[in-house]
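Numbers here are sequence positions counted from 1.
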Amino acid sequence: MADNDSVLSAARDWKGARMALATVVSTWGSAPRPRGSHMLVQEDGRFEGSVSGGCVEGEILDTAARVIAGESFAVKTYGVADDSAWEVGLPCGGQISVMVQPVSAEGFDPELFDRIAEARDAGRALTVTTDLATGRSDLRPLETGEVFANRYDPPRRLLIVGAVQIAQSLAALAATLGIETVVIDPRGRFLTEERFPGVTLDDRWPDEAVAAWNPGPSTAVVTLSHDTKIDDPALIAALAADTAYVGALGSRKSHAARRERLAQSGVDTDQLDRIDGPVGIDIGAIGPAEIALSIAAAMVGAFHDRR
């Protein structure tokens with residue numbers, strides 16, 4: 001899954017300007033950016049996003065300028081075997097193909113950015129297909145020819161239940177990862193803007209709050225309060241949805257007791273097995289910041305389905 005949040009934001013800010021969109025359409029070996037990664041180039045030379053982490057961006061900027069000026073779309077392939085490897089090759093040893101198309105009705109229609117934004121705001125994924133013979137993108141599935149399909153998932157979101165010290169470190173770390181964070185706690189003395197600057201705060205009861213945020217494949221829910229009256233309802237609500245990652249703080253002994261309580265509440269074994277408890281990967285974490293790091297690593301692994 002490619003992270004294109006900054007590109008989609010730039011597309012909104014630059015609406016009305018002439019632009020070109022570069023997209024990684026295929027990769028081989030140790031490619032630095034996944035398929036579907038975008039780089040958006042504005043007519044004034046500004047750009048947002050990346051297709052290679054820096055290896056070929058200069059070449060893509062030149063191609064994008066020509067496309068903006070009226071040349072047809074182009075598909076460029078780069079790798080260490082190229083004659084120009086030292087100039088625009090990939091030192092990591094991989095190979096990528098990058099499509100550069102105009103942001104126009106003849107290429108990537110600007111309205112597609114609006115449709116993607118609407119779907120993401122509604123918590124839905126949206127797939128855009130592109131005919132690689134013509135460079136034209138559409139929401140309709142293409143039946144013939146060589147087609148590239150790019151799926152845009154909703155923004156990643158973290159729901160932290162329990163406004164404790166670990167939550168402060170985890171919320172700050174999630175922000176650096178570009179993950180929207182909500183801290184949920186009905187205890188007003190814990191849930192303050194001073195303790196969680198710049199973070200969305202939700203003082204509803206956890207089961208109500210979690211359900212209201214519509215958790216899905218791009219959402220993680222982590223319970224940290226150590227209060228069963230707060231954590232358990234949140235876990236039940238998270239497990240009732242297709243939540244990407246569900247974690248709960250506590251020792252193995254407390255997690256075993258938690259499983260028994262939730263089972264008595266009607267949660268079946270398969271659902272209970274989805275809980276990462278004790279939460280996080282085992283890095284021998286000591287203190288709130290290191291525990292937050294272990295949780296963030298486990299969460300990102302779940303988003304990538306590599307745990």
Side-chain angles (χ1 to χ4, degrees), residues 1 3-13 48-50 117 120-123 153-235 237-238 241 243-250 276 278-281 283 285-304:
M1 178 178 61
D3 177 8
N4 288 312
D5 288 353
S6 65
V7 170
L8 296 173
S9 178
R12 180 186 63 242
D13 295 340
E48 187 60 60
S50 171
R120 285 160 59 87
D121 289 345
D153 290 310
R156 292 176 178 178
R157 176 179 290 154
L158 167 63
L159 306 181
I160 302 175
V161 178
V164 297
Q165 191 175 11
I166 295 172
Q168 291 176 290
S169 296
L170 182 56
L173 185 54
T176 68
L177 296 170
I179 298 172
E180 178 188 356
T181 302
V182 179
V183 178
I184 300 167
D185 200 316
R187 302 169 298 183
R189 291 173 61 186
F190 287 76
L191 195 71
T192 66
E193 292 185 4
E194 182 180 12
R195 299 185 71 232
F196 295 93
V199 177
T200 301
L201 307 180
D202 191 329
D203 63 359
R204 289 176 289 186
W205 200 253
D207 53 347
E208 178 187 354
V210 169
W213 285 102
N214 297 314
S218 295
T219 305
V221 176
V222 176
T223 61
L224 302 175
S225 80
H226 270 310
D227 186 332
T228 60
K229 299 188 302 298
I230 293 174
D231 289 350
D232 286 5
L235 290 170
T243 310
Y245 177 74
V246 181
L249 186 69
D276 184 18
V279 68
I281 62 174
I283 59 172
I286 299 175
E290 291 185 2
I291 294 172
L293 176 63
S294 75
I295 296 171
M299 171 180 64
V300 171
F303 281 142
H304 290 296

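Under the 3.5 Å distance criterion, the side-chain polar atoms of Glu290 are matched with a main-chain donor or acceptor of Ile286. Side-chain atoms of Thr243 come within 3.5 Å of backbone N or O of Ala238 as a donor-acceptor pair. Side-chain atoms of Asp231 come within 3.5 Å of backbone atoms of His226 as a donor-acceptor pair (strictly under, hydrogens ignored).
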### Query
Where do Thr200 and Thr181 land on the side-chain contact (heavy atoms from CB on, under 4.5 Å) test, with the steps shown first?
CA-CA 7 Å; Thr200 301; Thr181 302; over 6 Å; no
### Message
The test is side chain to side chain donor-acceptor pair (under 3.5 Å); show your working for Arg195 and Thr192 and say whether it passes.
### Response
CA-CA 5 Å; Arg195 299 185 71 232; Thr192 66; 5.0 Å; no
#### Entry: Asp13 vs Ser9, side-chain contact (heavy atoms from CB on, under 4.5 Å): CA-CA, chis, key distance, verdict
CA-CA 6 Å; Asp13 295 340; Ser9 178; 4.0 Å; yes
### Trace of the side-chain contact (heavy atoms from CB on, under 4.5 Å) decision for Ile230 with Thr223
CA-CA 8 Å; Ile230 293 174; Thr223 61; over 6 Å; no
### Task
Quick one: do Thr219 and Tyr245 satisfy side-chain contact (heavy atoms from CB on, under 4.5 Å)? Show the steps, please.
CA-CA 7 Å; Thr219 305; Tyr245 177 74; over 6 Å; no
### Task
Show the numbers, then the answer: is there a side chain to side chain donor-acceptor pair (under 3.5 Å) between Ser218 and Asp153?
CA-CA 7 Å; Ser218 295; Asp153 290 310; 5.1 Å; no
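Separating the CD1 atom in Ile184 from the CG atom in Leu159 is a distance of 4.5 Å, to the nearest 0.5 Å. We find the CG-CD1 distance between Leu173 and Ile179 to be 8.0 Å, quoted to the nearest 0.5 Å.
Here the shortest heavy-atom pairing between Leu235 and Gly247 reads CD2-O, 4.2 Å. In plain terms, the two heavy atoms of Glu48 and Val7 that are nearest each other are O-CG2, 3.6 Å. Contact detail for Ala237 and Asp207: the closest heavy-atom pair is CB-O, 3.8 Å. Across Ile160 and Leu224, no two heavy atoms sit closer than the pair CG2-CD1, 3.6 Å. What you find for Ala244 and Pro217 is that their closest heavy atoms are CB-O, 3.2 Å. The shortest heavy-atom contact between Ala163 and Phe196 is CB-CE1, 3.5 Å.
Considering only heavy atoms from C-beta on, Pro186 comes within 4.5 Å of Pro206 through its side chain. Two residues are said to be in side-chain contact when any heavy atoms from C-beta on lie closer than 4.5 Å; Met299 and Asp276 fail this criterion. Using a 4.5 Å heavy-atom cutoff, the side chains of Glu180 and Arg156 are not in contact. Residues Val221 and Trp213 form no side-chain contact, since every pair of their non-hydrogen atoms from C-beta on lies 4.5 Å or further apart. Counting heavy atoms from C-beta outward, Leu177 and Val300 have side chains that approach closer than 4.5 Å. Within the 4.5 Å cutoff, the side chain of Pro215 has heavy atoms near those of the Val210 side chain. With a 4.5 Å cut-off on side-chain heavy atoms, Val182 and Leu158 do not count as touching. The side-chain heavy atoms of Ile291 and Ile295, taken from C-beta on, include a pair separated by under 4.5 Å.
When each of Leu170, Ile283, Val279 is checked for a side chain to side chain contact (heavy atoms under 4.5 Å, CB included) with Ser294, only Ile283 meets the rule. Considering Asp203, Leu201, Val183, Asp185 in turn, Asp185 is the only one that fulfils the side chain to side chain contact (heavy atoms under 4.5 Å, CB included) rule with Phe190.
A salt bridge links Asp5 with Arg120: the distance from a Lys NZ or Arg NE/NH1/NH2 to an Asp or Glu carboxylate oxygen falls below 4.0 Å.
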